[in-house]
Each structure stands twice: as C-alpha cells, then as structure tokens.
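Okay, structure first, notes after.
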Amino acid sequence: MDRLDGLNTAQRQAATTLSGPLLVLAGAGTGKTRVITVRMAELIRSGVRPNSILSVTFTNKAAKEMQERSAQLLGKRSKVKPVVTTFHSFCVRVLRQEIELLGYPKKFAICDRGDQESMARTALRDVRVTDKALRPGDLISRISRWKMAGVDESRAADYVDDDRDLLASMAYRKYQRTLRARGAVDFDDLLLLTNKLFDQHPEVLRKYQTMFQHVQVDEYQDTNGVQFDLIESLVREHHNLCVVGDDDQSIYGFRGAEVTHILGFSRHFPTAKTIRLEENYRCTDKILELANNLIKKNKGRHDKTLRANKPNGADVVFKSYPDEQTEAEQVVAEIRYMIAELNVVPRDLAILFRTNEQPRVFETEFRRQRVPYILIGGQSFFDRRETRDLMAYLKTINSQRDEVSMLRIINTPARGIGQTTTEKLLKRALKQGRTLWEVMNDLDGDKDIPAKARGAIGGFCSMIRGYADRMGSEPGNLAEISNDLLKEIDYKYEIERQYKDEGQQIRRSGMLDEFVDTISHYVKQNEKPSLDGFLETTALMGRDEENDKDEQLLNNAVRLMTLHSAKGLEFPRVYMVGMEENLLPHKRSVEGSAKDIAEERRLTYVGITRAQEHLTLTRAKTRMKFGKRKEMIPSRFIMEATFKPEDEPQETVAG
DNA sequence: AAGGAGGGTTTTTTT
DNA sequence: AACCCTCCTT
C-alpha cells in the first residue's frame with residue numbers, strides 16, 4: 001500500500017518536497033505529525049540513508065511519538081533508523097563527545113530546575129541581595145535571557161536595563177562560578193555551549209553537517225534564537241531543512257521563542273517553498289468556528305483559515321459557577337455521570353487550565369467522587385521534598401564536587417553537622433581553593449571543629465564513599481542500593497518526625513517508593529545502566545514524563561494538565577476551566593503589553609483546538625486568592641470567540 | 001544543634 | 001492556605 005494514500009494534495013506535496021528549505025505551515029489538527037513521518041519515509045525511499053536524517057522536536061513526548069510512528073511506517077526491516085531527538089538531547093549527545101574542547105570536564109553534570117533555584121538562592125545571598133529585591137526565579141529568568149542573547153557573566157553589567165538587572169548581573173557571576181565549580185551546565189548552557197562549539201571548532205561542525213544531510217524541525221514556532229543558530233549552522237551547506245509549525249500556536253515567548261523565526265523563514269532562506277495545511281481533521285465545525293473567530297483578533301500572523309471536516313458538531317457549552325469549589329464539583333460530577341451512564345471512557349476526557357495551582361481543587365473532587373484521574377506535569381514528584389532529598393544523595397554520590405547537592409543533605413536527616421560547622425567548612429574551602437569534600441576529608445585533630453561534629457563528618461564521608469563504590473561497581477542494583485541507603489539514613493523516621501498526620505506520612509513514603517521504582521524502571525530499560533546515566537535521564541525528562549509503569553492508570557484516567565502541556569494532543573471531550581480575566585489572560589499579561597495578550601490568545605486557541613467533539617468552557621464568579629475571596633469577571637476571549645461580526649450590537653432592555 | 005512558634009510573602013507558562 | 005525564613009527556647 002502506498003504511504004501517500006489518504007493524504008490530501010497539500011499534505012502530499014509537503015511529504016514529497018524532499019530537498020531545499022521548506023516551510024510547512026500546519027494549522028491545528030491538520031495531520032502534521034503524519035506528514036512529517038511520511039516525509040521521512042519518502043526521503044529514505046529516495047535513497048537517503050536513514051541515520052542521516054535528523055528530526056528535532058521540543059519535548060521528549062513528541063520525540064517518542066515520532067519515533068514510534070516512523071518505526072511503524074518503516075517497518076522493522078532496517079536496523080538503521082532516522083535520528084529523532086529533542087534540542088536538548090541532541091546537544092547532550094554532541095557535548096558528551098566534544099565538550100573538553102571548551103575546557104569543561106568530560107563527565108559534566110546537568111542541573112535541573114531545582115538545582116538552579118538553590119544556586120540562585122545562594123548567589124543572591126552571597127551578593128547580599130534580599131529575597132524581596134530579587135526573587136530566585138526572577139534571577140533565573142534574567143540569567144536565561146542574557147544567556148540566550150549570548151551575553152556572558154563578564155559582560156552582563158553592560159546590558160543592564162533596571163535596578164533588578166544590576167543585582168542580577170552581580171549574582172550572575174556567582175551563579176556561573178558555582179556552576180563551573182560543580183563541573184555542571186544548566187539547560188541554557190546545553191544549547192549555548194553546542195553553539196559555541198560549532199562556532200569555534202569548524203571541524204566539529206563539519207562532522208555533524210556531514211552526518212546529517214536532512215534536517216526537520218517540528219513546532220518550529222517555538223524556536224528561540226540559539227536554537228535557530230544551531231539549526232542554521234547544521235544546514236548551512238546543503239539547506240535541506242524542513243520546518244513545520246503554526247505561528248498561531250506559539251506559546252513559549254517567555255522562554256525566548258520568537259514567532260519572527262517562522263514569520264521570517266522565507267526571508268532567511270529565499271529559495272524556501274511554503275506549503276499550507278488548512279484542512280482540519282480534528283475538531284467539529286462548531287469548535288473550529290470558535291477558534292477561528294478568536295485567533296483572527298491577533299495581528300501579524302500568517303493568515304490562514306482552517307476548514308472543518310466534521311459538520312454538525314455539538315454546540316460549545318459555556319458555564320459559570322459561584323466559586324472554584326463548585327466549578328470543580330460540577331465538572332467532576334458531569335464527568336462521573338458520563339462515565340457511568342454514557343459509556344464515555346475516562347481517557348477521552350481532559351481538563352485544561354492555565355496555572356498549576358488550579359488543579360488542586362479538582363484533585364480533591366476527583367478523589368472524593370472516585371473518578372480516576374491523572375495530573376500530567378505540574379508539581380509532579382521531582383519537585384517533592386523527599387524525591388529531591390534522595391536525588392541530592394544520588395548526585396552527591398555520583399560527584400563529590402556537587403556542592404549544592406551535598407549541602408542539601410549534609411545534615412538531612414539531622415546527624416550533628418549544624419550550621420556553624422558547615423559555614424566554617426565552606427569558608428575554609430573558599431580560602432584554600434579546595435572543594436568542600438576535600439576539606440571535609442582533612443580534619444584530623446582539627447581543634448577548630450568540635451570532636452562530635454568531626455565524628456559526624458567522618459561518618460558522612462565514609463558513607464558517601466561506600467555508596468559511591470557500590471553504585472559504581474554494581475549499577476544493575478541501583479534501586480536496591482538506594483533502598484539500603486534510605487534504610488541507613490532512616491529516612492522513614494525523618495518523614496514520621498516531620499509529618500504528624502498519618503495519612504500524610506503514608507503518602508510521603510509512598511512517593512519515595514515510587515521514586516525507587518523509577519530507578520529500577522530505568523535500570524530495566526537500559527542496557528548499560530549507570531548512576532550518571534540515570535541522573536542525566538531524569539534531568540532531561542524533567543517533569544513531563546508520564547511514567548510508563550502506570551500505563552494501566554494512564555489508559556483509564558481523565559487527564560488534567562496545563563494549556564502549555566496540552567499542546568500537540570487531542571481529546572474527544574475537553575473542559576477548559578477558569579475562563580476568567582486575570583487568569584486567562586493571566587494577570588501578568590494583562591498588566592503587560594499587547595504582545596503578551598496576543599500570546600494568551602494563542603494559548604486559548606491551542607486549548608480550544610485540542611477538542612475533537614465536545615468542548616465546555618467554564619468559569620468561577622469568585623475565587624480564593626492569598627486567603628481572600630475575589631470577584632472574577634469573564635475572560636475577554638469568550639466574547640472574542642463567540643462574537644459574530646454580522647450580529648448587531650444588542651440593546652439591553654431593562655426589565 | 002535542634003525544634004517550634006510566629007511572621008511575612010506568595011501564584012504563569014517549561015526544556 | 002501554604003510555604004519559607006527568622007528568631008527563640010531547650
């Protein structure tokens with residue numbers, strides 16, 4: 001059977017344009033992923049070696065899906081597969097090979113969001129900036145902005161816009177120094193260093209240019225400047241670049257994504273062909289009409305109007321409730337009814353929201369009404385204290401240079417190494433230019449530190465050394481060894497001590513077990529498991545990974561997620577909740593510029609276009625905020641999406 | 001050094 | 001309402 005069967009003209013054209021720069025403007029639900037995978041197959045059919053095709057995505061989930069789809073299409077006959085990877089994994093892959101050229105240690109660590117935050121905290125404290133003047137999160141985003149603009153810590157002072165920038169520029173230096181001392185890189189560095197490598201070492205760039213003769217980028221509207229440079233370098237010689245995206249779905253501006261890259265693609269690559277996919281196969285006419293109405297309000301976009309393929313759809317439903325409790329209660333009740341009485345499958349339902357705080361009420365309701373649900377992304381378990389503690393242990397065991405992790409667990413659970421001692425050690429390390437670990441291992445007969453503390457430090461060090469040996473020599477038993485570690489430090493007791501509530505205790509230890517399961521899952525999945533490898537995988541996966549072990553739950557649960565993590569997905573029935581001013585659009589955007597509002601509008605557009613058959617938009621009239629009840633008014637986007645130009649403005653009739 | 005009480009602050013979105 | 005930080009007592 002022909003792979004091109006069942007593709008419409010535009011899709012077919014996109015899948016068979018095999019060389020030169022190509023821009024595929026693919027609206028929501030137009031079969032974009034299918035086109036990309038068919039195109040890969042077509043490339044291979046035309047004689048291109050599979051492993052010289054590089055497809056880049058933004059999320060692990062997207063990469064995984066594309067891998068599966070292309071494996072299906074290509075069959076299992078060849079062992080050589082096209083390379084499908086995320087930007088970040090691609091960079092890790094390159095840097096693992098070549099990072100020494102940039103003066104970094106070959107075994108560099110990748111720090112996750114939590115590491116970043118603690119480094120930001122210490123950096124701020126060190127330059128004597130109070131939390132009030134500049135928050136850690138704020139510092140991180142400023143640093144990120146500088147990094148993405150190619151401004152390093154020595155030049156940041158020249159790019160200062162306001163007082164906070166000034167403080168941030170000072171903390172930036174400290175932050176970088178900590179990073180270097182740990183032999184670590186942050187997420188931005190992954191991209192940045194790869195770029196630097198390609199810039200400064202043409203022979204390395206040439207190697208990768210030759211390796212990949214064809215490059216495809218998915219969700220191209222989300223590329224930031226650094227990612228653009230990376231891609232541009234790779235295809236500079238052959239220009240075999242196919243980018244697929246939808247400027248109307250650009251929702252990562254806060255991360256430095258530039259719609260201008262997709263808008264200006266043809267200017268950058270003058271020989272580029274542009275193909276539009278406007279035939280929507282996902283949503284009903286009613287849903288699509290709403291989406292089209294809304295997105296028309298945005299200026300400066302590639303004008304396209306999606307055509308619906310599903311006529312006679314059900315009406316979109318709008319509902320309002322007195323408060324967020326009722327909103328959750330009613331929505332869950334409706335869902336429960338549909339599952340019980342209408343044979344609706346839980347996995348066909350999704351609840352989408354703007355902020356990570358919104359799902360809390362829903363979680364309570366789901367549990368109360370006993371409806372299976374799964375919260376995707378959000379404050380998932382990598383952010384929990386217990387998980388973070390164990391992670392810090394593992395990181396310390398993996399590299400004793402990792403001061404940030406070591407400080408987190410040096411006295412957790414309490415083992416008699418208090419604040420005063422720790423500070424002394426740190427001061428000494430700084431003065432002698434040695435690592436904290438070296439100083440700790442050199443305290444024989446030291447009078448400055450009490451014998452009791454010295455004993456505790458000695459015990460800590462030998463414990464870490466012991467586990468480093470064991471985990472190094474029997475990586476196949478990582479999970480079991482981690483359990484031993486937890487027993488040795490008596491973490492269960494720590495939990496009991498910290499949480500008086502018994503239910504809380506059970507849940508917390510359950511989370512730890514869950515985490516150990518993740519480790520054994522990793523060990524099973526990898527041919528050559530190692531502690532280092534585990535840490536890298538978790539750092540790159542971050543939070544968005546749906547743990548495969550919960551497959552059964554996953555297959556039979558209502559999905560709860562933010563609008564951001566819903567991108568690329570589709571569901572037969574969608575609830576968009578919290579359709580209120582200052583929530584969607586978010587307060588920060590309302591207070592910002594028209595550009596910010598435009599992004600919120602796109603976000604809403606993304607949400608609406610997730611729905612295949614049924615869409616319900618709900619809002620609460622009041623909502624708790626900072627412990628106080630606040631009035632909420634309907635989101636402007638409801639008006640914009642439902643207002644028909646031919647409607648005369650209605651006179652209100654009193655009475 | 002450890003633990004508890006009280007006070008102040010906070011809520012965008014993520015690889 | 002939840003969290004973190006600081007200060008105070010043991």
Side-chain angles (χ1 to χ4, degrees), chain A residues 56-63 85-92 110-114 116-118 121 125 130-132 135-138 140-141 144 148 186-191 219 222-224 226-227 250-257 324 352-358 360-361 364 376-380 382-383 385 411-423 450 452-453 456 494 497-498 500 538-545 561-567 578 582-592 596 599-600 602-604 606-607 623-630:
Chain A
V56 188
T57 63
F58 280 78
T59 64
N60 294 302
K61 210 196 291 165
T85 179
T86 63
F87 272 102
H88 287 83
S89 306
F90 175 77
C91 291
V92 172
I110 302 164
C111 51
D112 56 33
R113 181 66 212 225
Q116 254 186 319
E117 261 197 49
S118 30
R121 270 216 175 85
R125 211 169 299 152
T130 59
D131 252 29
K132 226 189 277 177
R135 242 167 280 301
D138 205 359
I140 294 170
S141 63
S144 175
M148 285 302 143
D186 64 16
F187 280 124
D188 296 329
D189 287 338
L190 289 174
L191 303 172
E219 305 282 14
D222 290 332
T223 37
N224 63 31
V226 184
Q227 286 160 334
S250 164
I251 54 174
Y252 283 105
F254 67 92
R255 207 166 64 187
E324 73 271 29
L352 309 182
F353 38 80
R354 176 67 175 86
T355 71
N356 276 314
E357 173 225 16
Q358 283 168 273
R360 291 162 101 119
V361 214
T364 319
I376 294 176
Q379 311 280 63
S380 69
F382 285 105
D383 293 327
R385 184 205 302 246
N411 203 30
T412 311
R415 56 169 68 85
I417 311 174
Q419 213 179 352
T420 329
T421 307
T422 315
E423 258 157 39
K452 216 172 149 193
E494 174 74 3
R497 197 183 55 82
Q498 244 171 54
K500 284 166 209 152
T538 36
L540 283 179
M541 286 202 318
R543 45 193 86 184
D544 91 326
E545 222 41 40
M561 68 187 93
T562 63
L563 290 163
H564 283 87
S565 32
K567 190 159 74 150
N582 293 327
L583 198 52
L584 186 64
H586 194 271
K587 191 151 184 272
R588 291 279 268 258
S589 305
V590 175
E591 285 160 0
D596 296 320
E599 183 152 320
E600 298 281 313
R602 291 193 289 268
L603 197 51
T604 312
V606 167
R623 206 172 270 276
M624 269 308 221
K625 187 148 197 189
F626 303 143
K628 270 196 220 133
R629 194 147 285 288
K630 271 197 76 177

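Order of the sequence lines sets the chain letters (A, B, ...), proteins ahead of strands, with each chain counted from 1.
Under the side chain to side chain contact (heavy atoms under 4.5 Å, CB included) criterion, A:E219 pairs with A:K32, A:F58, A:Q221, A:D222, A:K567, not counting sequence neighbours. Legend: residues meeting salt bridge (Lys or Arg N to Asp or Glu O under 4.0 Å) with A:R360, ordered by chain and number and at least two apart, are absent.
Looking at A:R588 and A:E600, no side-chain N of the basic residue comes within less than 4.0 Å of a carboxylate O on the acidic one, giving no salt bridge.
Here the side chain of A:H586 is nearest to one of B:dT10, B:dT12, B:dA2, namely B:dT12. With B:dT13, C:dA2, B:dA1 as the candidates, the nucleotide lying closest to the side chain of A:T420 is B:dA1. Considering only side-chain atoms of A:T562, the nucleotide from B:dT14, B:dT12, C:dC5 that sits closest is B:dT14. When the nucleotides B:dT13, B:dT14, B:dT15 are ranked by their closest atom to the side chain of A:S565, B:dT14 comes out on top. Of the candidates C:dC5, B:dT15, B:dT13, the closest approach to any side-chain atom of A:R121 belongs to C:dC5. Listed nucleotides: B:dA2, B:dT9, B:dT14. Nearest to the side chain of A:N356: B:dT14. When distances are taken from the side chain of A:Y252 to each of B:dT14, B:dT12, B:dT11, the shortest belongs to B:dT14. The side chain of A:F254 approaches B:dT14 more closely than any other nucleotide in the set B:dT10, B:dT12, B:dT14.
Backbone-only engagement by A:N411 is indicated by non-hydrogen atom pairs under 4.0 Å involving sugar-phosphate atoms exclusively. Using a 4.0 Å heavy-atom cutoff across all strands shown, A:R360 reaches sugar-phosphate atoms only and no base atom. At a threshold of 4.0 angstrom between heavy atoms, the contacts of A:F58 are confined to the sugar-phosphate backbone, with no base atom among them. Nucleic acid contact for A:F87: none, since no nucleic acid atom lies under 4.0 Å from a heavy atom of the residue.
At a threshold of 4.5 Å between non-hydrogen side-chain atoms, the residues A:R623 and A:Q358 count as touching. Using a 4.5 Å cut-off on side-chain heavy atoms (C-beta onward), A:I110 and A:L190 make contact.
A straight line from CD of A:Q227 to P of B:dT14 spans 16 Å, rounded to a whole angstrom. The distance from atom CD1 of A:I376 to atom P of B:dT14 is 12 Å, rounded to the nearest whole Å. The nearest whole Å value for the distance from the CD1 atom in A:I251 to the P atom in B:dT15 is 11 Å. Spacing between atom CZ of A:R135 and atom P of B:dT9 amounts to 9 Å, rounded to whole angstrom units. Between the C1' atom of B:dT14 and the CD atom of A:E117 lies a distance of 13 Å, rounded to the nearest Å. Remark: P of C:dA2 and NZ of A:K628 are 17 Å apart, rounded to the nearest angstrom. Rounded to a whole Å, the NZ atom of A:K625 is 8 Å from the P atom of B:dT12. If you take CG of A:L563 and P of B:dT13, they are 11 Å apart, rounded to a whole angstrom.
Residue A:R415 places none of its side-chain N or O atoms closer than 4.0 Å to OP1 or OP2 of B:dA1. The side chain of A:R588 contributes an N or O atom lying less than 4.0 Å from OP1 or OP2 of B:dT12. Between A:N582 and B:dT11 there is no side-chain N or O to OP1 or OP2 distance below 4.0 Å.
Projected onto DNA chain B by closest heavy-atom contact, A:T86 and A:I417 fall at different nucleotides, the more 5' of which corresponds to A:I417. Nearest-nucleotide positions on DNA chain B for A:G418 and A:L603 put A:G418 closer to the 5' end.
When every heavy atom of A:A539 is checked against every heavy atom of A:F187, the shortest pair comes out as O-CZ, 3.3 Å.
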